[in-house]
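A quick write-up on the structure given underneath.
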Amino acid sequence: MRYGFNAATAAGVSAMPDRDVDAVIVGAGFAGLYMLHRLRGMGLSALVLEAGGGVGGTWYWNRYPGARCDVESIQYSYQFSQELQQEWEWSERYAPQPEILRYAEHVADRYDLRRDIRFDTRVKTAVYDSGPGRWRLEAEDGARFTATWCIMATGCLSAANLPELPGRDAFAGATYHTGQWPHDGVDFTGLRVGVIGTGSSAIQSIPIIAGQAAHLTVFQRTPNYTIPARNAPLDPELVRRVKADYPALRRQAWRMPNGIAFRPNPQSALAATPEERRREYQARWEEGGLTFMGAFNDLILDPDANATAAEFVRGKIREIVADPDTAEALCPSNVIGCKRLCVDTDYYRTFNRANVTLVDVARSPIEAITPTGVRVGGVEHPLDAIVYATGFDAMTGALLRIDIRGEGGRALRDKWDGGPRAYLGLATAGFPNLFMITGPGSPSVLTNMLPSIEQHVDWIADCLGHLRARGLARIEAEPAAEDAWVAHVNEVAGGSLRSTCSSWYVGANVPGKPRVFMPYIGGFPAYVDRCEAIAANGYEGFALGA
Ligand code: NAP
């Protein structure tokens, strides 16, 4: 169901008047929905502009087979409302995409949000007009909007990355990107399918596509570590216990570096005996999920400690995958947890199927997409369909695909041509009254996104309340504060093994993108404390004005 007002309604209105509001929010994912709710609650007029035809953001677009969250559903949910978290029922340990989308739709309906969301509206430009101190936005359909505050809720993993492979557009069969999946689903029955990529999206979809396709060819450039999800229906007893005191679970999560309540082991891997390590890794492997990296406290800090966990997983791959050459090809050699750890159901086992072939494109890259398949090392792999599971232009892509211009007409694309620079990941100097929710330089993708989103939304809403109470209407990050924050973000990144490999965290997956570790790895609690202290000190590091 889609209501509210949308571009189709507006189509044909040639001289569309500007719509003027207090705040314009770009994106109707979890960030945009909550931001709208908060601003409305403060009595501000707010309008959300959303490129899709419905709410849900990443969960609206990523409809590929097997898509589900790798954070447990009981924690991957809003906590701003007791009633909401009590009434919503998750069905599985890890919620599947359709259920998360239904949750986003429920939130939109429950808080009557759709009447202030303009769907099918892709923002093309956002320009700060310093005279009146207003942001002017224009959408691809020509619609224009003005606002005092411009809030980017555009998501960290929302700009699809489609590699420029030679001959890509000449392919005669069907082509899909996991992040732009057709809404009616795709039936691969009887088809020869190629999947390019072996990140989280590929790892979730490959077992399901293999079950449908006549033949599946997986083109792997870098093997990934993946831990079994052990997904199952949610235990009603667990749900009852959590709901008896949901805030206690949330408080526990807020104290964790990744914003997720779990049991990290405070011991060092190197201090443990080989047998103790094996037992701990085995227990975490059986428990399933991302908390595998909590097996010891030095896994992401010490290369030798990390190597023990990596070797444990490689041992599992060799146990599961029957063909030794395929098993070796699937064994990653890099640091475990450097690229984001994946969580799967039956991924490695899928390579034991007779209808699945793994093609290593690390040493011999894909030469070309031909009209009938993919050519690697002079060999053509005939295909009827290609799935690009090639990820996203992460963290900056969605922002920079909009032509954002600040004070003096300066383009954000120019300011960030050496990598993103933002104060707290919330604002960027030279762009007054522009906020980013989970922007680069904030913990965002290294945490459970939902609490990170809520923390940013609440901080922005409180900031606007502070300004309004003082009759102010302008806020801008100061360059010195921004420089200091960027230096701090880089410094803490340097202490972690996470910044050492060619991941999307450093922009390595997009040719030409500056190589900078983009999220803040200092941990969610330290970050929250810093944001709160800055607010308590009258928004230290920000210039406030009338
Ligand atoms: P990704 O992790 O960036 O993986 C993209 C894959 O495509 C990589 O294997 C990459 O190889 C490959 N690739 C890219 N360009 C290529 C080329 N030209 N030739 C060959 N291979 C190429 O993207 P993703 O799987 O969509 O996941 C992105 C992030 O989204 C995840 O890390 C996670 O944070 C999030 N996500 C979460 C879930 C979940 O909650 N379960 C599910 C999906 C995604 P290289 O590694 O060599 O670059």
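In each ligand, atom 1 is the first atom listed, and ligand 1 is the first ligand listed. The residues of the chain are indexed from 1 along the displayed sequence. FYI, side chains are in, hydrogens and waters are out, and symmetry mates aren't considered; it's all heavy atoms of this structure.
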Heavy atom under 4.0 Å from ligand 1: found in [X]'s side chain, backbone, both, or neither?
X: Tyr64; result: side chain
X: Thr390; result: both
X: Pro163; result: side chain
X: Phe219; result: neither
X: Gln220; result: neither

Answer yes or no: is there a side-chain heavy-atom contact under 4.5 Å between [X] and [Y]?
X: Asn161; Y: Trp504; value: no
X: Phe30; Y: Ile100; value: yes
X: Leu113; Y: Val55; value: no

Counting non-hydrogen protein atoms only, what is the nearest one to [atom]? Give residue, atom name and distance.
atom: atom 24 (P) of ligand 1; value: Ser201 OG, 3.4 Å
atom: atom 34 (O) of ligand 1; value: Arg340 CD, 3.0 Å
atom: atom 36 (N) of ligand 1; value: Ser200 CB, 3.9 Å
atom: atom 17 (C) of ligand 1; value: Arg221 NH1, 3.4 Å
atom: atom 46 (O) of ligand 1; value: Lys339 NZ, 2.5 Å
atom: atom 40 (O) of ligand 1; value: Asp70 N, 3.0 Å
atom: atom 23 (O) of ligand 1; value: Gly391 CA, 3.1 Å

Could you name the option among [options] that has the heavy atom nearest to [atom]?
atom: atom 29 (C) of ligand 1; options: Trp59, Tyr94, Trp504, Tyr388; result: Trp504
atom: atom 5 (C) of ligand 1; options: Ala389, Gly197, Ala160; result: Ala389
atom: atom 47 (O) of ligand 1; options: Asn509, Thr222, Asn334; result: Thr222

Using a 3.5 Å cut-off on N or O atoms only, is Thr178 in polar contact with ligand 1? no
Say whether Asn161, considering both its backbone and side-chain N or O atoms, lies within less than 3.5 Å of an N or O atom on ligand 1. no
Is the distance between the ring centroids of [X] and [Y] under 6.0 Å?
X: Trp459; Y: His456; result: no
X: Trp90; Y: Tyr103; result: yes
X: Tyr94; Y: Tyr76; result: no

For ligand 1, which atoms, with element, lie under 4.0 Å from some heavy atom of [X]?
X: Leu157; result: 29 (C), 30 (O), 34 (O), 35 (C)
X: Gly199; result: 2 (O), 4 (O), 6 (C), 9 (O), 25 (O)
X: Arg68; result: 39 (C), 40 (O), 41 (N)

Salt bridge or not between [X] and [Y]? Use side-chain N to carboxylate O under 4.0 Å.
X: Glu105; Y: Arg102; answer: no
X: Arg263; Y: Glu287; answer: yes
X: Glu380; Y: Arg375; answer: no

Gap separating the CZ atom of Arg318 from the CG atom of Leu330, nearest 0.5 angstrom: 11.0 Å
Heavy-atom contact under 4.0 Å between Val343 and ligand 1? no
Does Thr198 have a non-hydrogen atom less than 4.0 Å from ligand 1? yes
Under 3.5 Å, side chain of Tyr60 to main-chain N/O of Gly53, donor-acceptor pair present? yes
Quick one: does Glu454's side chain have a donor or acceptor within less than 3.5 Å of a partner on Gln79's backbone? yes
Carefully, step by step, assess Gln204 and Tyr64 under the rule side chain to side chain donor-acceptor pair (under 3.5 Å). CA-CA 9 Å; Gln204 288 186 330; Tyr64 60 84; 2.6 Å; yes
